[in-house]
Each structure stands twice: as structure tokens, then as C-alpha cells.
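Report on the following structure.
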Amino acid sequence: MDKNQPSIFKLRNIGIAAHIDAGKTTVTERILFFTGTNRKMGEVHDGQATTDFMKQEQERGITIASAAITCHWKGTQINLIDTPGHVDFTVEVERSLRVLDGMIAVFCAVGGVEPQSETVWNQANRYKVPRIAFVNKMDRSGADFKDVLASMEKYLDANAVPFQLPMGAEEEFTGIIDLFEMKAFIYDEYEQIETAIPAEYIQLATEARSLMIEKLADFDEEILNLFLEDQEIPNELLKKVARHATLKLLITPVFCGAAYKNKGVPLLLDAVIDFLPNPIDVGAVVGLDVDDPEKSHTRQPSPKDPFSALAFKLIHDPFVGQQTFIRIFSGTLKAGMAIQNSNKDKQERIGRIMRIQAKSREDVSEAGPGDIVALVGMKITKTGDTLCDPDHPLFLENIHIPPPVIDLKITPLKQADRSKLGEALHKLTSEDPSFAIRFDDETEETLISGMGELHLEIILDRLKHEFGVEVEVGEPSVAYRETISHEVEANYRHVKQSGGKGQFAHVVMRIEPNEGNGYEFVDKIKGGVIPTEYIPSVNKGILKTLEKGVLAGYPVVDVKVVLLDGSFHAVDSSDFAFQTCASIAFKQGFLKGDPILMEPVMKIEVNSPDDYIGGVVGDLNKRRGRIESMRRHRKGSQKLNGFVPLMEMFGYATQLRNISSGRANYSMEFYKYMPVTRAVQEEILKKLADKKKDQK
């Protein structure tokens, strides 16, 4: 093994995730400072954060791309991934959680559980990621540790157990009490000073420790017996049980501090080592058999097992080219090795293997189970691909990618930049699976699609500054979808005779609604009425039509096509003839099936002071919104949950500011595609028809 590589027990793969502005990038910066990775601290607000090294991140003071960084604390290697909190970049959180073993959930001591905290928490639940909580900004006006604990219980069902207590809050926040050691820690600049618990906090700390022991006694008989007999419980036993309960997702240990003022970060690092899992704790990963999806294979986190890894992120680095970030689950990876990409069914040869420390990088000769490394020179591997031993192939669970919901038409300002734009967009789609591109042959415009306005704004910014391509941008529009309301049959005979060889194809198909299941193609041809080699041509013709749409040029979704019958001609039938025939048959059938437009509906959450809640509700009703629930959020404010069509939400941020004098905030994420009403559909189709007239 690499001599710099600690044992697998001394390895932690952790992510830091939270709502936007809870301070997670500042927490990351302090971790890097205290672990000696950085000599000086960078700040988010002055654009100097280590992990926010993209120009767009520095300008906006937000994290966009998750950066993987390696650091060391007390002999343990920590691979740290800083993830974005903005909902437009949810896919970044998804792909990080897929490869991480543990997570620090950062909560603002003033804001508590905010909309995006819930989203991230639910994502971590989906991947069963053990987590600890850090209540940050204890020194801010309005900080309330108890209130954050209550909101974690209420909204996250977190079984939050404080392992620390803050001494004071707001300007009076002086330090932290460790409930295991029953010691206090105070801070002087970068120094953490251990001291006895001040007299005024002893009773509070004793009660909190008793409560912590009571919670842990639920999971261990020995603690329960000692507790009932009022005997001293050894700290080693408490920590062992606390670790076990955290790894099994039975409790969420809660810590506190003020990262900006360097308070609580060294203790948080100790907690990462004490309570978050190493790859052995996580155990074997399960993959599917390449030939038989019913069969599965397990890979233990051992260098002796066959190699398996998941590519979870691509970055185009201006200095070294494309970096492919992978998480290794089993086996050993060495430079020069040939490995199998199961998704592409091709082999890749490993060039350089690097450990990343934000902007700097260190070449390593090999990497083992649990490692997160970047590979340079990968040609075919994309996000979500499984890399494995060619003799022992398997598929690892892929990453959940939500569909893009917002479109933007772009054209290069200079005609000469057309191919440059194509290359840049290709690189961006390989980096970011939630970003999609389509080219409209008729208008010669390129359509880009993403998760929200900010997502596409960042893409345009990167096109200009990173790739040197300036584009003319149309108005953002909603990414509608088309589908049918009822089952229809289509029968079309395609005959073309124009001197020489003609074209002949004939298909009969049934088109059915297929709600929530995407596109399905079923071949029911009997007796060779359509030769086997032309069946894929029928499917191909339909697929091309699905992309371009039938009713209004939007992609068709949720339809099942059953190929029932047809005929062919020995000379005039061809792949092209059957593609054309299938396309026309599908279009004709689709238009008979009472086609409907589907629109993206968003899940919205608004936090508003009581005084403005009436205005907020009234405004959402005007936007065709549906309010699901309203609940008291904190004193004097309410949290409102509901669903609203994306079409109605352009410019909402400005309107909400006006209604609430800037005091309300909101969060929005994609929920699902739903049919629009007849009136709205007619309005959309009329606008499109008018637009086409104007273009002519």
C-alpha cells in the first residue's frame, strides 16, 4: 500500500451539507485550518474560501460544485466533500451522499431547520448515511440551541441528543461543555482551552448528561443497569454505545459552536473520528450482475476483493484537463491498470491517480478501499458509471438525477463560435447530469435545460469566462412535456416511388398512456410480418419523434407503444423506410389520443412573519398554487408548504420581497410533472403559434 495511506480504520469519508447560508463552507475552511491543510483561513464573504475556487462561487458567496479535499486529524485521514445548499444544485448533494460514509449536518442557531435542511436530510435518509449535527453561529443575535433541537425533533424526526451544551448564547456565548468528559472549553483566537465547568452551569450540565445517558440506555442493557443502580458509567462504554447508535441511525449527536470565530471546530473534528463510520463500519457494497439483474454480488471494503468503484463527479480543470472523481469500494487501484466500465462495456486504462486538496493536488501510485481520488485521462467514464475488475464485472447503484425543468434558447454571438459552443456544452453535460441540451434544426437555436434560473445563469457565466463563448440568450421558459390521455391505434402505410428504388413500410401500433413509467416499446409481431431487423428501426423512428414532440415541440413522456402488425416489401423496405413510417404513424396516433401538455410543478416552502402571511397566501393562490399546510415556525413567524406550477414562479423572489418588506424567504424544488388545465394549454399553444408566425 501507499506509505502515506493510513489503515482503513483510520479513514473517514464525510460530507458537510445544510441549507444555504448555514455556514458550512466556513466550517470546512476552519476544518482545513485546524488540520493544517491550510496555513491561513479563507472567508466566503471575501471570495477566498478554499473549496469555493470557481469564479462563480467567489462572486456569489455560495458553493456550487462539491470539492473533495483530503486532510488529517489525530492520525486519521478525512476525505471531506463540501456540498452546495442551493436547491438548484441538489444533484451535487445527491452524488456526494452516494459515495460518502458519514455527514455533518450544519444548522444555523438562528434559522434552525430550514427548507433545504429538510431536503438534504431526506436525501441522507435515502442513502442511509449516519450523521452528526453541528449548531453553528451560536454567537449570532437570536441564537437558540434548545429551539434548534426542538425543530430537529419536530421536522426531521432526528432523535437529536446533545453531546455538548453551549455556555451562553449570542454575545454571551463564551464556550462549550462536553457532556462525556464533563469539562468546559473556552476559546482565545485559535486556541482551545480546557477548564472546569463554571459553577452556574454545573446543574444544567448534570441534567443534560443524565438525559444523554437515559437516551443511550435505550440501546444498551449494561448502561441501563448501571443507570438504574445510580452507579458511575465509564466514558468508554458511553462512547462505544453512542457510536453504535449513531451508525445505526438511531440517534443524531448534536454539537455546537461558532465556526467563524473558531469556536467548537477541534471538538467537531474529534466527534467525526469518535462517532462517524470508517469504510469497515459501512460494510460491503452490493452490485447487480451485468448479465442477470436478478443476481447480485457483494464487495467487501478489502484490498483482497476484486476492484469496484463509482465515478461520482467530473470536473474540467484548466491545468490537468478532465478529472474524474471516484469512490473506491473494494480492491486496489494502481496507475497503468486496465479496468472495466460496466455501463459502457468498455475498458479504460488508468493514467494519473491524484488526491485533491481543493486547488492543489498530490499524485499517488495507488489507492485502496474507502479512498476518494481523482483520475486524469479517463476517456469514456461519466457520472454514475461503475468501474470494476474486468474479470469480475458488476453494476453499482446509480445516482438519482431529477429531470431539468427550465429551458433557455441560446445562439452564439459569432457564427465562428458555433463549434466552440458545441464542445463547451458537451463538456458541461458530461460534468453535470442535471444539465441537458437539444438543438432545434428549424430555428437553428440551441435549447439548454436545467434545474432552475440560477443553475442556467451559472452555466452561461461559465460559457463566457471558462470557454470564451458569448451567447445571445432568449427568455427562460418552462420545460413542458407532452403525453396522451387515452389509448389509440395507428395504422400507416408508407409508400414512396421516385425513380429507382422506392420506399415501403407498413406498421400498426397501439399507443397507451403510461403514467410515471416513461417510454416503453413492446414488440408483439408474429409470423415475421415485419422482419426482425426492422423492429429496432420502428423503435428508433418513434424515439426521434419523442424527442422533438408532436403537439407543440416538447419531448413526449409516459407513453407505451405496442407494435401489433405491419407488412414489408422484399426490395423497397429499408431501415430508413421503417423509421419514417413509424414516426408518421406515431404522430398521427398521438394527435388522435387527446394529447395534453404536462408542466413541472414545484414543491414550495415559504417562511414568513405573521404580519405578511395573508399576502403570501393570496399571491400563491393567484399563481395557481395549492397550500398543503401551515405551521408555526418560530415565535412570530409561520412556515407554509404547498405546490405551485413553475410557469407561474418567474420573478417570484422580487414579488415576495415586496409583499414582506424583504423579511420572508422561500425554497422551491421539483415535485413532478402534472397535466395543465385545458384553458392554460390553449393559451400556451396560441402563444407558440403566434411566435412561429412572427418568425416567418
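Predicted, not measured: the structure shown is a model, and the values here were computed from it.
For the salt bridge (Lys or Arg N to Asp or Glu O under 4.0 Å) test, no residue two or more places apart in sequence or in another chain qualifies with Glu482. Listed by chain and number, the residues in a ring-ring contact (aromatic ring centres under 6.0 Å, His included) with Tyr187 amount to none (sequence neighbours excluded). Partners of Ala133 according to the side chain to side chain contact (heavy atoms under 4.5 Å, CB included) rule, which considers only residues two or more places apart in sequence or in another chain, are Phe107, Met152, Thr252, Val254. For Tyr201, there are no ring-ring contact (aromatic ring centres under 6.0 Å, His included) partners at least two apart in sequence or on another chain. Evaluation of the ring-ring contact (aromatic ring centres under 6.0 Å, His included) rule for Tyr673 yields Phe670 as partners, not counting sequence neighbours. For Phe643, the ring-ring contact (aromatic ring centres under 6.0 Å, His included) test picks out Tyr671, with sequence neighbours left out. Val161 pairs by the side chain to side chain contact (heavy atoms under 4.5 Å, CB included) definition with Asn159, Phe163, Met212, Lys215, Ile251, not counting sequence neighbours. Remark: Asp178 pairs with Phe180, Glu181, Phe185 by the side chain to side chain contact (heavy atoms under 4.5 Å, CB included) rule, at least two apart or across chains. Scored by the side chain to side chain contact (heavy atoms under 4.5 Å, CB included) test, Lys464 finds Glu470 as partners (sequence neighbours excluded).
Within the 4.5 Å cutoff, the side chain of Leu460 has heavy atoms near those of the Ile410 side chain.
Within 6.0 Å of NZ on Lys382 lie more than 12 heavy atoms contributed by other residues, nucleotides or ligands. Counting heavy atoms of neighbouring residues, nucleotides and ligands inside a 6.0 Å radius, atom CD of Glu153 exceeds 12 of them.
Residue pairs meeting the side-chain hydrogen bond (donor to acceptor under 3.5 Å, both in side chains) criterion with at least one partner in residues 129-143, sequence neighbours excluded, are Asn125-Arg131, Asp139-Lys261. Every pair passing salt bridge (Lys or Arg N to Asp or Glu O under 4.0 Å) that includes a residue from residues 671-683 is listed here, sequence neighbours excluded: Asp594-Arg678, Glu683-Lys687. For residues 551-560, the set of pairs meeting the salt bridge (Lys or Arg N to Asp or Glu O under 4.0 Å) definition, not counting sequence neighbours, is empty.
Under 4.0 Å is where a charged nitrogen must lie from a carboxylate oxygen, and between Lys639 and Glu605 at least one such pair does.
The shortest non-hydrogen separation linking Gly625 to Val644 is CA-CG2, 3.9 Å.
A donor-acceptor contact closer than 3.5 angstrom is absent between the side chains of Asn79 and Arg12.
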